[in-house]
Amino acid sequence: MIDLKQLRQNPELYRAAVANKNEKTDIDALLELDEKRRKLQFEFDTSKARQNQVSQEIAQKKRNREDASELLAEMSIVAENIKTLSSELGNLNTLLEATLLTVPNLPQAEVPVGNDESFNRELRRYLSPPSYSFPLKDQLELATSNRFLDFQRGAKISGSGFPVYTAWGAKLERAIISFMLEYHIQKHGYQEVATPYIVNMKTMTGTGQLPKLENDMYHIDEDDLWLIPTAEVSVTNLHADEVLPEKELPIKYVAYSPCFRRESGSYGKDTRGLQRVHQFNKVEMVRFVHPDESYAVLQEMVSDAEDILKAFGLHYRVIELCTGDLSFASAKTYDLEVWAPGSGKYLEVSSVSNFEDFQARRANIRFRDKDGKLRFVHTLNGSGVATPRLMIALIETYQNQEGGIDLPDILKPWLELKV
RNA sequence: GGAGAGGUGGCCGAGCUGGUUGAAGGCGCACGCCUGCUAAGCGUGUGUAGGUCAAAAGCCUACCGAGGGUUCGAAUCCCUCCCUCUCCGCCA
């Protein structure tokens with residue numbers, strides 16, 4: 001949620017944000033609504049003040065056993081008027097709030113302006129693409145020949161885009177998740193949480209998935225609940241409607257969760273194998289920080305995510321997103337793209353964003369500063385990282401001439417756990 | 001799913017025979033006094049949001065789980081819903 005007062009003062013900033021983010025909100029209609037609302041609010045308040053005042057007089061008269069019928073007659077008219085005003089005001093507020101929820105966050109000033117990914121900036125690379133002395137196989141061939149993924153049976157029991165991990169594919173998946181969780185806990189100081197995968201509408205609105213992404217998420221009609229597309233949703237909303245003591249900041253959470261995405265309208269686009277699926281696993285980092293620190297923390301989180309790829313010895317690049325590629329709620333985002341040599345392309349495995357106070361406003365997450373003033377925290381999150389494309393990169397990078405896979409040593413202890 | 005109890009300020013907790021109760025009292029917190037230090041004691045203050053205003057102060061309005069109703073007037077009465085707890089049922 002954006003700050004309505006700020007919108008009133010600098011509407012051009014928001015018009016630009018809407019245009020640069022390829023959104024459609026009508027800022028001027030919103031301003032008009034706001035104007036109308038304030039006018040009505042004033043009228044309502046004035047009538048209410050009159051009513052409160054006369055009510056006192058009536059009470060006084062009744063106590064003194066005096067006749068109050070004249071005042072009562074006047075008041076029934078005022079009360080009728082208040083009723084009308086109140087319902088008009090209610091409607092207006094509902095409309096205003098709904099519209100306000102469709103205004104995207106302002107991109108940070110330095111974000112490159114552009115309407116598609118061609119305006120993104122590559123910031124740096126780690127390692128170079130590895131070279132091989134034999135013809136490479138891609139993820140699908142490797143997964144099939146090594147029998148650790150079963151797309152057919154996944155399609156049978158659920159539909160396309162629901163992979164089944166079999167035998168050591170399942171074990172590898174679990175090993176990767178455990179490794180990443182422990183890495184963030186032990187080396188980066190995050191606190192683990194395990195939150196629900198199904199949440200209510202308020203929660204989905206708090207982080208900004210609703211109303212915009214309604215069609216990209218799975219909804220359970222009978223209970224009016226939603227399947228989370230990322231752990232960001234449940235973890236960030238953990239502190240919704242709370243006032244956090246300043247000394248508890250920063251809060252650093254890491255959470256594993258499956259993620260559910262309908263990916264509506266994306267059929268046929270990079271959907272081969274594990275590239276784009278409806279259910280996948282992800283380890284997510286979420287932080288609640290003092291507003292002064294959020295941009296320093298953003299850099300730190302990008303580096304936290306990079307550490308995972310470095311630990312696996314994978315070649316990747318860091319991308320700074322342009323305004324058009326920025327998500328609705330984000331002010332600034334970096335993507336990590338890992339190299340998949342068999343497929344011959346870079347794949348996005350992490351997206352790290354600073355939402356500034358946009359989510360905090362929606363979810364009402366505040367802290368009390370040194371002067372005792374209530375302020376919104378800044379929230380950030382980043383994948384650390386998502387598993388399917390990481391697995392593509394791992395098996396394609398570490399394939400051998402025989403069509404097998406020589407996984408990096410760092411994963412061995414996680415694959416050889418004994419009971 | 002059924003029955004019962006309950007949801008009041010940072011917390012605890014009155015009020016619930018409708019009218020100076022935004023809300024007693026206590027705890028906590030802040031400041032001051034007192035005190036060798038600490039504790040105790042005394043005094044004062046201590047919600048959030050919206051509006052008005054250039055801004056602050058001030059003033060006005062709203063908020064006692066949420067929404068609606070009755071009434072001149074609702075924390076208090078009525079209805080619907082949500083949540084928590086206890087018991088029963090069902091169940092991994």
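Letters A, B, ... are given to chains in the order of the sequence lines, protein chains preceding strands, and every chain is numbered from 1. Note that this is a predicted model, so its numbers are computed, not measured.
Across all strands shown, A:R8 has heavy atoms under 4.0 Å from sugar-phosphate atoms exclusively, and none from any base. Here A:L71 lies out of heavy-atom contact (under 4.0 Å) with every strand. No contact: A:R50 has no heavy atom under 4.0 Å from any strand. Contacts of A:K83 with the nucleic acid, taken as non-hydrogen atoms under 4.0 Å apart, involve only primed sugar atoms and P, OP1 or OP2.
OP1 or OP2 of B:rG73 sits under 4.0 Å from a side-chain N or O of A:Q51. The side chain of A:R366 places an N or O atom within less than 4.0 Å of a non-bridging phosphate oxygen (OP1 or OP2) of B:rA49. Between A:K48 and B:rA62 there is a side-chain N or O to OP1 or OP2 distance below 4.0 Å. Within the 4.0 Å cut-off from OP1 or OP2 of B:rC72, not a single side-chain nitrogen or oxygen of A:N52 is found. Contact annotation: A:R368 does not reach the phosphate of B:rG47 (side-chain N/O to OP1 or OP2, under 4.0 Å).
B:rG50 atom P lies 21 Å from atom CG of A:L85, rounded to whole Å. Going from atom CD1 of A:I82 over to atom C1' of B:rG73 covers 10 Å, rounded to whole Å. One interatomic measurement links the two molecules: CG of A:D241 to P of B:rG9, which rounds to 14 Å at whole-angstrom precision.
The nucleotide whose nearest atom lies closest to any side-chain atom of A:R37 is, among B:rG51, B:rG19, B:rG73, B:rG51. The A:Q56 side chain lies nearest to B:rU20 when the options are B:rU20, B:rU61, B:rU48.
Side-chain contact, A:E284 with A:Y253: no donor N or O sits under 3.5 Å from an acceptor N or O.
B:rU70 is unpaired under the Watson-Crick or G-U wobble criterion, no partner having all donor-acceptor distances under 3.5 Å. B:rA30: Watson-Crick or G-U partner is B:rU44, with both key distances under 3.5 Å.
Here the two rings, on A:F376 and A:F288, have centers that are 6.0 Å apart or farther. When ring centroids are compared, A:F260 and A:H278 stay outside the 6.0 Å threshold. Ring centroid separation for the pair A:H290 and A:F367 comes in under the 6.0 Å cut-off.
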